[in-house]
Amino acid sequence: MRVYSTLQRTLVELPAPPGPVGIYLCGPTVYQRIHVGNARPYVIFMWLARWLRLRGYEVTFVSNITDVNDKIYAAAPGHSVELADRAADWYIEDTDRLGLGRPDAEPKATETMEDIIAMIAELVAGGHAYEAQGDVYFRVGRYGDYGQLSRQKPDQMEDQEPSSLKKDPRDFALWKATKEGEDTSWESPWGKGRPGWHIECSAMAAKLLGPSFEIHGGGLDLVFPHHENELAQSRAAGQEFAHIWMHNGLLRLTGEKMSKSLGNVATLEAVLDKDQYGWDRETLLLFFMTAHWRKPIDFSPETMMQAHTQVDAFRELFRMKIDRAAWKPPQGWNPDVEAQKFEGVLDNDFNTPDALAILHKARSAWDDEFVRERLGIFGLESLTVDEEAPPEIVELAEMRLSARAERNFPESDRLRDEIAAAGWEVRDVSAEPGYQLVKRD
RNA sequence: GGCGCGGUGGCCGAGUGGCUAGGCAGAGGCCUGCAAAGCCUCGUACAGCAGUUCGAUUCUGCUCCGCGCCUCCA
């Protein structure tokens, strides 16, 4: 198994199973509902964790929730705790709807305060950080490898968060003294305050995965400064930290990155909501499969529609009621060979579009077992179950069957329309009972 | 200005130094009372210009275009 790592700028091999493989994913800052773009890393890494387990790895998947931050203070003056709690619940609720389960741990910054403070103290003691009027800053100039992840040259960089207290404009805050209007603070050796953005991830990763682990993930927009800073502070604290850095491509809306600051946002809730975008979870999951995890992907009616059509095509395979005993692999379809290819493409940088192509080939070959066994990896096992029609629909279909037997086609067509109006499609088939009912949305 | 990613047939989207990606849409046909579903047939694409090579969409350089980061952002 190998994946592309931003740090090495190449594919990096994972140690052989069983690992262990620790995965740390940067989750959202909670002050509003997450958007579909935020859902992409969640989905990709849930899938990856599942796949690695199937391949025999011992996986520990940690994804944090940032619940102290300037944005949260700004969004709910005096009520930041309530907002963060509520928005964290939204995040869980919305991503739960994707049906992929949860990471092994979802730590919050506010629940990791001791470790955060201890780590900052260690950096100060080691001379990698300094205190200034209750703030603590990381001394970028002292860490020689600064910029190795993002390939930024320190002398070319612009200032990070300007502050007159910094000794060097490139330094960044590990701890911030409490300011007016902030309704939460924690005691520390430097007085009351709260952590900077980057240190929480270093502390939580070390706490739950140890000083050295395999994979650190997040969106491409986190490479600099967030991940650069995490790497610097953790290494400065003597930890090896993550070996592999996976950065997923960003979701785009009308050609631009979907982001809260640009305001071109479709919330995950809205995308899945019947009264809004109304896409089902399967469509969204398959949509994410269609592009490689490192590439940008366009969220548009066209691309979602194409994903939806594919979802229905897989459903169709399981409506066919294939007689497995009579089934034989057709020309050009060798399940064993294809199974190996399937493993191969996922083991090679987790290429889901290639995996999807193989599933389509299996579908064409009517190899329902092959497809059923693999759809589950992506949380799409629901496509294999065909919904039963309710009695009143069945009754209409029976009436239509009689009408057809009498060659009363006007009545037959009227009944078909009536069934369609109720959200079902009736088809004439040769197998008993002579019709097939399919749910339509 | 600095750093980085990408440009593939109508659309989405993998991949490869020479061998069919796959999907969507479209056209024709079989089947059907009409449909639906299914099946069959049909598309020789890889931004442009140089170069390396027996041969490049795939490697190198340049140009053009798009995107991301350098400030909070998955």
Side-chain angles (χ1 to χ4, degrees), chain A residues 6 9 25-29 31 34-45 63 66 69-72 74 147 149-162 170 197 217-228 247-252 255-262 265 286-287 289-292 294-298 300 302-310 312-317 319-320 332 341 345 348-349 351-364 366 404 407-410 412-413 416-417 420 425-430 435-436 438 440:
Chain A
T6 309
R9 306 275 154 165
L25 171 69
C26 281
T29 299
Y31 60 99
I34 65 158
H35 58 69
V36 225
N38 297 314
R40 176 129 98 138
Y42 167 83
V43 169
I44 288 167
F45 286 90
S63 181
T66 296
N69 167 296
D70 289 323
K71 290 273 163 134
I72 305 173
L149 182 66
S150 61
R151 307 270 162 118
Q152 301 270 352
K153 291 197 175 63
D155 54 353
Q156 302 271 118
M157 286 185 314
E158 297 172 15
D159 300 359
Q160 300 193 40
E161 276 193 297
R170 299 166 306 175
W197 177 34
L220 203 51
D221 52 355
L222 294 183
V223 175
F224 192 91
H226 189 229
H227 287 168
E228 191 71 68
H247 290 106
N248 64 270
L250 304 178
L251 188 89
R252 294 193 302 214
E256 272 184 318
K257 153 188 177 184
M258 181 179 288
S259 80
K260 296 172 193 171
S261 40
L262 288 170
V265 158
L286 197 134
F287 165 72
M289 280 185 84
T290 60
H292 184 98
R294 270 192 285 130
K295 293 239 174 151
I297 185 169
D298 275 298
S300 71
E302 293 74 27
T303 53
M304 288 301 287
M305 196 59 226
Q306 291 187 9
H308 184 261
T309 309
Q310 294 186 60
D312 202 47
F314 281 110
R315 285 211 164 98
E316 199 60 51
L317 176 66
R319 291 180 187 131
M320 292 202 286
K341 278 194 200 164
V345 298
N348 185 204
D349 206 19
N351 193 329
T352 57
D354 261 348
L356 182 61
I358 293 169
L359 292 181
H360 275 298
K361 279 168 74 181
R363 184 173 66 76
S364 303
W366 294 17
R404 290 189 71 235
R407 303 190 65 78
N408 184 353
F409 296 123
S412 161
D413 290 347
R416 177 162 58 201
D417 290 344
E425 176 187 300
V426 62
R427 301 170 177 173
D428 303 324
V429 294
S430 54
Y435 58 83
Q436 182 182 25
V438 175
R440 286 295 174 205

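Side chains are part of it too, since the values below use all heavy atoms of this structure and drop only hydrogens, waters and symmetry mates. In what follows, chains are A, B, ... by sequence order, proteins preceding strands, each numbered from 1. Quantities reported herein were computed from a predicted structural model and do not represent experimental measurements.
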With a 3.5 Å cut-off and just heavy-atom distances, do the side chain of A/Asp413 and the base of B/G33 make a donor-acceptor pair? yes
Rounded distance (Å) that lies between atom C1' of B/C12 and atom CG of A/Leu286: 12 Å
What interatomic distance, in whole Å, is found between P of B/C24 and the corresponding atom of B/C19? 25 Å
Mind checking what makes ring pair (Phe, Tyr, Trp, His ring centres under 6.0 Å) contact with A/His247, not counting sequence neighbours? A/His227
Considering heavy-atom distances to RNA chain B, does A/Ser412 or A/Glu425 have its closest nucleotide positioned more toward the 5' end? A/Ser412
Can you list the stems that RNA chain B is part of, where a stem is at least 3 pairs in a row, each Watson-Crick or G-U, with both distances below 3.5 Å? B:1-7 with B:64-70, B:10-12 with B:22-24, B:26-30 with B:38-42, B:47-51 with B:59-63
When the distance from CG of A/Leu220 to P of B/C72 is rounded to whole Å, what number comes out? 17 Å
C1'-based separation of B/G18 from B/C12 [nearest Å]: 28 Å
For atom C1', what is the distance between B/U41 and B/C5, given to the nearest Å? 40 Å
Is A/Arg9 reaching over with its side chain to a backbone N or O of A/Thr6, donor-acceptor style, under 3.5 angstrom? yes
A/Ala357 meets the side-chain contact (heavy atoms from CB on, under 4.5 Å) criterion, sequence neighbours left out, with none
How far does the C1' atom of B/C49 sit from the matching atom of B/A56, given to the nearest Å? 15 Å
When rounded to whole Å, the CG to P distance for the pair A/Asp417 and B/C34 reads 17 Å
Could you tell me whether a side-chain N or O of A/Arg416 sits under 3.5 Å from a main-chain N or O of A/Glu425, the two making a donor and an acceptor? no
Toward the 5' end of RNA chain B, which comes first, A/Arg151 or A/Asp298, by nearest nucleotide? A/Arg151
Side-chain contact test, heavy atoms from C-beta onward, threshold under 4.5 Å: evaluate it for A/Met320 versus A/Gln436 and give yes or no. no
Would you call A/His292 and A/Asn351 a side-chain contact if the rule is heavy atoms closer than 4.5 Å? yes
Under 4.0 Å between a side-chain N or O of A/Trp366 and OP1 or OP2 of B/C39? yes
Does the base of B/G33 carry an N or O that pairs as donor and acceptor with the side chain of A/Arg404 under 3.5 Å? yes
If you measure from the C1' atom in B/U60 to the same atom in B/G1, how many Å do you get, rounded? 27 Å
According to ring pair (Phe, Tyr, Trp, His ring centres under 6.0 Å), who are the partners of A/His226, at least two apart in sequence or on a separate chain? A/Trp197, A/His198
A/Lys257 has a side chain; which of B/G38, B/G4, B/A74 sits nearest to it? B/A74
Answer whether the closest heavy-atom distance between the side chains of A/Arg440 and A/Asp312 falls below 4.5 Å. yes
Using a heavy-atom cut-off of 4.0 Å across all strands, would you classify A/Val429 as base, sugar-phosphate, or nothing? nothing
Charged N to carboxylate O under 4.0 angstrom, A/Glu316 versus A/Arg427? yes
If I pick the C1' atom on B/A21 and the same atom on B/A45, what distance separates them, to the nearest angstrom? 13 Å
Euclidean distance, atom CZ of residue A/Arg427 to atom P of B/U32 [Å, nearest integer]: 17 Å
Taking the side chain as everything from C-beta on, heavy atoms only, tell me whether A/Asn248 gets closer than 4.5 Å to A/Arg294. no
Do A/Leu250 and A/Met258 make a side-chain contact, defined as non-hydrogen atoms from C-beta onward lying under 4.5 Å apart? no
Starting at NE2 of A/His226 and ending at P of B/C70, how long is that distance when rounded to a whole Å? 13 Å
Among B/A74, B/G13, B/C39, which nucleotide sits nearest the side chain of A/Lys260? B/A74
Let's test your reading of the model: under 3.5 Å, does the base of B/G4 pair with the side chain of A/Ser150 as donor and acceptor? no
NA contact type, A/Gly217, heavy-atom cut-off 4.0 Å: base, sugar-phosphate, or nothing? nothing
Under 4.0 Å between a side-chain N or O of A/Asn351 and OP1 or OP2 of B/G15? yes
Spacing between A/His292 atom NE2 and B/G7 atom P, to the nearest angstrom: 13 Å
For nucleotides 20-28 of chain B, 5' to 3', base contacts (B), sugar-phosphate-only contacts (S) and non-contacts (-) with protein non-hydrogen atoms under 4.0 Å give -BSBBS---
P-based separation of B/G2 from B/U16 [nearest Å]: 32 Å
Tell me the interatomic distance from A/Arg294, atom CZ, to B/G7, atom P, rounded to whole angstroms. 12 Å
A/Tyr435: ring pair (Phe, Tyr, Trp, His ring centres under 6.0 Å) partners, not counting sequence neighbours: none
Considering only the P atoms, how many Å lie between B/A27 and B/A35, rounded to the nearest integer? 15 Å
Would you indicate which nucleotide in B/A36, B/C69, B/G38 comes nearest to any side-chain atom of A/Glu316? B/G38
Assign A/His247 to base, sugar-phosphate, or nothing according to its heavy-atom contacts below 4.0 angstrom with the strands shown. nothing
Any base atoms under 4.0 Å from A/Gly37, or only sugar-phosphate, or nothing? Heavy atoms, all strands. base
Rounding to an integer number of Å, can you tell me how far A/Asn248 CG sits from B/C5 P? 17 Å
Look at the side chain of A/Leu250 and decide which nucleotide, out of B/A74, B/C70, B/C34, has an atom nearest to it. B/A74
I want to verify a distance call: between B/A35, B/G38, B/G7, whose nearest atom is closest to the A/Lys295 side chain? B/G7
Using a heavy-atom cut-off of under 4.0 Å over every strand shown, decide if A/Arg416 touches base, sugar-phosphate, or nothing. base
